[in-house]
Novice: 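Structure incoming, see below.
These values consider heavy atoms only, across backbone and side chains, with no hydrogens, waters or symmetry-generated copies.
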Amino acid sequence: VVSWNAMIAGFTQNGEGILAFEYFEDMEDFEIKPTVVTFSSTLKACSIIGRLEVGRCIHEKAIVNNFQFKCFIGSALVDMYCKCKSLDEACKVFDRLFDRNVVVWNAMIVGYVQHGEGVLAIQCFSMMKEWHVNPNKTTFSSISKACGIVGAIEQGRHIHEQIIKRGLELQTFIGGALVDMYAKCGTLEEAGKVFRKLPNRDVVSWNSMIAGYSQHGDPLQTVQIFENMRCSGVEPD
RNA sequence: ACUCCACAACGGUAA
């Protein structure tokens with residue numbers, strides 16, 4: 001069963017949801033008893049495929065095996081329902097989980113963000129703190145994004161402080177998310193301040209700066225940033 | 001039986 005799991009995981013990690021799913025089906029045909037690991041990978045395959053009926057079907061099979069309350073399964077289920085555009089079902093699963101680790105919370109927060117529900121994402125983040133679950137890098141990058149989409153600049157600055165306290169500000173994903181958050185809020189000075197501190201300015205953070213200046217700033221400055229980007233050797237996409 | 005090990009879930013840009 002470990003080698004079957006490894007095959008399924010290998011495909012999902014490479015974005016090959018359908019192939020992964022086919023291995024799961026073959027496994028059933030050979031009557032090999034799936035484990036928790038099988039289901040977490042297969043649910044991820046469903047997230048990639050994005051087909052709700054398939055995801056529900058795997059959910060039911062996980063229940064038959066009594067795996068539905070395990071953390072790895074819970075987070076995979078929440079993520080699967082979010083990616084299959086059923087925020088409702090994701091919430092249902094989330095509410096029923098009594099064991100909610102940071103990944104489960106993150107999956108829910110990301111789900112809200114992906115559905116444009118920034119306010120709900122921020123509320124979820126507050127609840128997470130009440131439950132004394134420690135946020136991690138994923139939490140911070142997605143909650144920064146939530147602040148950006150709703151223009152919650154004060155809340156965003158507060159998150160930024162927490163990020164600094166943990167020494168995570170200069171991580172590519174976190175710093176990039178902060179740059180984008182400030183850029184979306186139109187506070188370009190703050191965006192630039194974080195941006196200039198970043199040790200790795202990748203194409204994403206450059207793009208956020210360009211998008212921010214083109215929406216809230218001067219067109220000439222926008223072009224200037226683009227030039228700077230080219231000079232720095234980062235390829236525009 | 002129990003414990004441990006091998007395979008597993010979430011994140012930033014125009015969209």
Side-chain angles (χ1 to χ4, degrees), chain A residues 1-13 20 23-24 27 32 34-48 55 58 62 67-68 70-83 90 93-94 97 99-114 116 121 124-125 128 133 135-149 156 159 163 168-184 191 194-195 198 200-215 222 225-226 229 234 236-237:
Chain A
V1 66
V2 171
S3 34
W4 283 93
N5 287 348
M7 286 307 294
I8 297 172
F11 283 120
T12 59
Q13 281 161 13
Y23 270 82
F24 175 80
M27 206 176 150
I32 292 165
T35 64
V36 171
V37 176
T38 317
F39 280 103
S40 65
S41 297
T42 306
L43 285 166
K44 185 186 165 99
C46 298
S47 306
I48 296 169
I58 302 299
F67 291 154
Q68 70 271 41
K70 306 270 187 191
C71 260
F72 268 86
I73 303 301
S75 55
L77 282 169
V78 170
D79 183 57
M80 181 276 290
Y81 280 123
C82 289
K83 301 247 160 81
V93 170
F94 181 83
L97 287 173
D99 220 11
R100 285 183 287 210
N101 68 4
V102 63
V103 179
V104 175
W105 285 96
N106 287 346
M108 197 66 245
I109 291 172
V110 170
Y112 282 133
V113 171
Q114 282 165 351
C124 193
F125 177 64
M128 175 179 175
V133 175
N136 64 12
K137 292 184 201 175
T138 301
T139 321
F140 283 123
S141 53
S142 37
I143 204 65
S144 302
K145 176 170 171 157
C147 293
I149 61 181
I159 302 288
I163 289 171
L168 296 173
E169 190 194 22
L170 304 184
Q171 303 259 332
T172 307
F173 272 46
I174 310 262
L178 287 172
V179 169
D180 190 60
M181 176 189 80
Y182 287 127
K184 280 201 169 61
V194 177
F195 180 73
L198 291 180
N200 299 311
R201 279 164 229 156
D202 64 1
V203 66
V204 173
S205 50
W206 279 105
N207 285 345
S208 295
M209 287 297 289
I210 293 170
Y213 270 86
S214 72
Q215 275 162 20
T222 309
I225 294 171
F226 180 72
M229 173 180 178
V234 174
D237 66 3

Novice: Do Asn136(A) and G11(B) share a donor-acceptor pair, side chain to base, under 3.5 Å?
Specialist: no

Novice: Could you please name the option among G12(B), G11(B), A9(B) that lies closest to any side-chain atom of Ala76(A)?
Specialist: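 Of the candidates, A9(B) comes closest.
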
Novice: Quick one: label Ser47(A) by what it contacts on the DNA or RNA (base, sugar-phosphate, nothing), any heavy atom closer than 4.0 Å.
Specialist: nothing

Novice: Roughly, in whole Å, what's the span from CD1 in Ile32(A) to C1' in C7(B)?
Specialist: 14 Å

Novice: With a 6.0 Å cut-off on the ring centroids, do Phe24(A) and Trp4(A) count as close?
Specialist: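 Ring centres of Trp4(A) and Phe24(A) not closer than 6.0 Å.
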
Novice: Would you please confirm or rule out a distance under 4.0 Å between OP1 or OP2 of G11(B) and any side-chain N or O of Lys83(A)?
Specialist: yes

Novice: Could you go step by step and tell me if Phe195(A) and Trp206(A) meet the ring-ring contact (aromatic ring centres under 6.0 Å, His included) rule?
Specialist: CA-CA 8 Å; Phe195(A) 180 73; Trp206(A) 279 105; 4.8 Å; yes

Novice: As a test of reading the structure: which of U13(B), G12(B), A8(B) is closest to the side chain of Phe173(A), going by heavy atoms?
Specialist: G12(B)

Novice: Counting only N and O atoms by type, is there a donor-acceptor contact under 3.5 Å from the side chain of Asn200(A) to the main-chain atoms of Asp202(A)?
Specialist: no

Novice: Please tell me which of the listed nucleotides, G12(B), A9(B), C10(B), lies nearest to the side chain of Ala177(A)?
Specialist: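 Nearest nucleotide to the side chain: G12(B).
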
Novice: With heavy atoms under 4.0 Å as the rule, sort Val36(A) into base, sugar-phosphate or nothing.
Specialist: base

Novice: Which nucleotide in the list A14(B), A9(B), G11(B) gets nearest to the side chain of Ile174(A)?
Specialist: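 Selected nucleotide (nearest to the side chain): G11(B).
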
Novice: If you look at every strand shown and take non-hydrogen atoms under 4.0 Å, does Ser75(A) touch a base, only sugar-phosphate, or nothing?
Specialist: base

Novice: Between Thr42(A) (side chain) and Phe39(A) (backbone), is there a donor-acceptor pair under 3.5 Å?
Specialist: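 Not confirmed, Thr42(A) side chain does not pair with Phe39(A) backbone.
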
Novice: Using modelled atom types only, decide if a donor and an acceptor are shared between the side chain of Asn207(A) and the backbone of Val203(A) within a distance under 3.5 Å.
Specialist: yes

Novice: Considering only G12(B), C10(B), A8(B), which nucleotide approaches the side chain of Ser141(A) most closely?
Specialist: G12(B)

Novice: C10(B) C1' sits how many Å from Phe94(A) CZ, rounded?
Specialist: 12 Å

Novice: Return the nearest nucleotide to the side chain of Asn207(A); candidates are A9(B), U13(B), G11(B).
Specialist: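 Among the listed nucleotides, the one closest to the side chain of Asn207(A) is U13(B).
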
Novice: Starting at CZ of Phe72(A) and ending at P of C7(B), how long is that distance when rounded to a whole Å?
Specialist: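 Distance check: Phe72(A) CZ to C7(B) P gives 11 Å.
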
Novice: Starting from P on U13(B), measure out to CG on Leu178(A) and report it in whole angstrom.
Specialist: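 Distance check: Leu178(A) CG to U13(B) P gives 12 Å.
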
Novice: So, for Phe125(A) and Trp105(A), is the gap between ring centers shorter than 6.0 Å?
Specialist: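 Ring centres of Trp105(A) and Phe125(A) not closer than 6.0 Å.
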
Novice: Please state how far atom NZ in Lys145(A) lies from atom C1' in G12(B), giving the value in whole angstrom units.
Specialist: 7 Å

Novice: Using a heavy-atom cut-off of 4.0 Å across all strands, would you classify Val2(A) as base, sugar-phosphate, or nothing?
Specialist: base

Novice: Check every atom of A8(B), G11(B), A9(B) against the side chain of Ser40(A) and return the nucleotide holding the closest atom.
Specialist: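 For Ser40(A), the side-chain atoms sit closest to A8(B).
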
Novice: Rounded to the nearest Å, what distance is computed from the NZ atom of residue Lys44(A) to the P atom of nucleotide G11(B)?
Specialist: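 Answer to the nearest Å: 7 Å.
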
Novice: Would you check if the side chain of Thr12(A) reaches a backbone N or O of Ala9(A) as a donor-acceptor pair within less than 3.5 Å?
Specialist: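 Yes, the answer is positive, given that a donor and an acceptor are paired below the 3.5 Å cut-off.
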
Novice: Tell me what Lys137(A) touches on the nucleic acid: a base, only sugar-phosphate, or nothing, going by heavy atoms under 4.0 Å.
Specialist: base

Novice: If you measure from the ring centre of Phe140(A) to the centre of the six-membered ring in the base of G11(B), is it under 5.5 Å, with the planes under 30° apart?
Specialist: no

Novice: Check every strand shown and say whether Lys70(A) touches a base, only sugar-phosphate, or nothing at a heavy-atom separation below 4.0 Å.
Specialist: nothing

Novice: Nearest whole angstrom, please: distance from the C1' of U13(B) to the CE of Met229(A).
Specialist: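 Going from CE in Met229(A) over to C1' in U13(B) covers 10 Å.
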
Novice: In terms of side-chain heavy atoms of Ala9(A), which of A9(B), A8(B), G12(B) is nearest?
Specialist: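 When the side chain of Ala9(A) is considered, A8(B) is the closest of A9(B), A8(B), G12(B).
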
Novice: Round to the nearest Å and state the distance from Lys184(A) atom NZ to A15(B) atom P.
Specialist: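 Between P of A15(B) and NZ of Lys184(A): 8 Å.
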
Novice: Where the side chain of Asn5(A) is defined as all heavy atoms beyond and including C-beta, which of G12(B), A9(B), C7(B) is the nearest nucleotide?
Specialist: C7(B)

Novice: The side chain of Asp79(A) lies closest to which of these nucleotides: C10(B), A8(B), U13(B)?
Specialist: C10(B)

